[in-house]
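Have a look at the structure below, then the notes.
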Amino acid sequence: MQGLVRAVRSCQETLKAATLLHFHGGESSKAVKIYSLLGLVNSSRSRAVQLKGLENVSVAEVLMTKGGEKTGSWLWCRADDAVIDAVKHMAENNIGSLVVLSPGDEHPAGIITERDYTRKIIAQGRSPMYTKVAEIMTDKDKLITVTSDTNILQAMQLMTENRIRHVPVIDGRIVGMISIVDVVRAVVEQQSGELKQLNEFIRGDYY
């Protein structure tokens, strides 16, 4: 994932360099306009529709693209649930992790993932029927979370630095979950949009 972070951060510089190769001399103003389109320079006079840029894409916006119900019982389990029930819950909803709530309230106590099940149940020969979620989860003191207004680059950095693939979105209560797949999809869509704008400008679709 560190390679992904470096690639994202260098992508706009690559686009800028490519534009310089295409436009030079008397056409430098076109290059400046393209930079404005891509968010590489500020231009109060540019009338073009600008893409937001990854630094301005929030976790809330990524959650909106996931479709369907963003929160609900399918996102969580209880600390006193049997591991087998939590794993079945993940399988039924095609997700790789669950936020663990304390018995009797809605406050996160930790998180359980497929990796926890593999390493702490299967690899150790333990019974998922008789092991409680609380025994194998990552507890709240080590839980990495984001808020709805966290930008997607910060979320990606958190995942990379902590080597995790799922991050709960907590605004006082759980409002969703994002995964590295969601982050990569947002990055690809943003960069594809920037390249499309560059293509359209070169073909003369912008005036």
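Atom set for the values below is all heavy atoms of this structure, side chains included, hydrogens, waters and symmetry mates excluded.
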Measuring from atom [atom1] of [X] to atom [atom2] of [Y], what distance do you get when rounded to the nearest 0.5 angstrom?
X: His166; Y: Arg115; atom1: NE2; atom2: CZ; answer: 9.0 Å
X: Arg173; Y: His107; atom1: CZ; atom2: NE2; answer: 11.5 Å
X: Asp81; Y: Ile112; atom1: CG; atom2: CD1; answer: 9.0 Å
X: Gln124; Y: Arg119; atom1: CD; atom2: CZ; answer: 11.0 Å
X: Leu75; Y: Ser97; atom1: CG; atom2: OG; answer: 8.0 Å
X: Ile144; Y: Arg163; atom1: CD1; atom2: CZ; answer: 14.0 Å

Item checked: Between Gln157 and Thr160, a side-chain donor and acceptor under 3.5 Å ->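 Looking only at side-chain atoms, Thr160 and Gln157 do not form any donor-acceptor pair under 3.5 Å.
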Note to self: For Ser58, is there any backbone N or O sitting under 3.5 Å from a side-chain donor or acceptor partner on Glu61?
What the structure shows: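 Here the side-chain-to-backbone pair exists.
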Taking all atoms of both residues into account, what is the closest heavy-atom pair of [X] and [Y], and its distance?
X: Val175; Y: Leu63; answer: O-CD1, 4.2 Å
X: Leu98; Y: Trp76; answer: CD2-N, 3.9 Å
X: Ile111; Y: Asp116; answer: O-OD2, 3.7 Å
X: Arg78; Y: Gly104; answer: NH1-N, 3.8 Å
X: Pro103; Y: Ala79; answer: CD-CB, 4.1 Å
X: Val169; Y: Thr147; answer: CG1-C, 3.8 Å

Next item on the list: Name all pairs fulfilling the salt bridge (charged side-chain N to carboxylate O under 4.0 Å, His left out) condition that reach into residues 145-154, sequence neighbours left out, sorted by first residue then second.
Entry: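 Every candidate salt bridge (charged side-chain N to carboxylate O under 4.0 Å, His left out) pair involving residues 145-154 fails, so no pair, neighbours aside, qualifies.
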Side-chain touch [X]/[Y], heavy atoms, less than 4.5 angstrom:
X: Val167; Y: Ile178; result: yes
X: Val100; Y: Cys77; result: yes
X: Arg165; Y: Ser179; result: no

Next item on the list: Can you spot which of Thr150, Ile164, Val146, Val183 makes a side-chain contact (heavy atoms from CB on, under 4.5 Å) with Leu158?
Entry: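 Of the listed residues Thr150, Ile164, Val146, Val183, the side-chain contact (heavy atoms from CB on, under 4.5 Å) partner of Leu158 is Val146.
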In terms of hydrophobic clusters joined by side-chain contacts under 4.5 Å, are [X] and [Y] together?
X: Val87; Y: Met129; result: no
X: Leu101; Y: Ile95; result: yes
X: Ile122; Y: Tyr130; result: no

Item checked: Asp105 CG: over 12 foreign heavy atoms closer than 6.0 Å ->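 Yes, enclosed.
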Exercise answer: donor-acceptor pairs, residues 134-143 side-chain atoms, under 3.5 Å, sequence neighbours excluded:
residue	atom	partner	partner atom	Å
Glu135	OE1	Arg126	NH2	3.2
Glu135	OE2	Lys132	N	3.0
Asp139	OD1	Asp141	N	3.1

Checklist line | Pairing residues for Asp182 by the salt bridge (charged side-chain N to carboxylate O under 4.0 Å, His left out) criterion, not counting sequence neighbours | finding: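 Listed in chain order: Lys66, Arg185.
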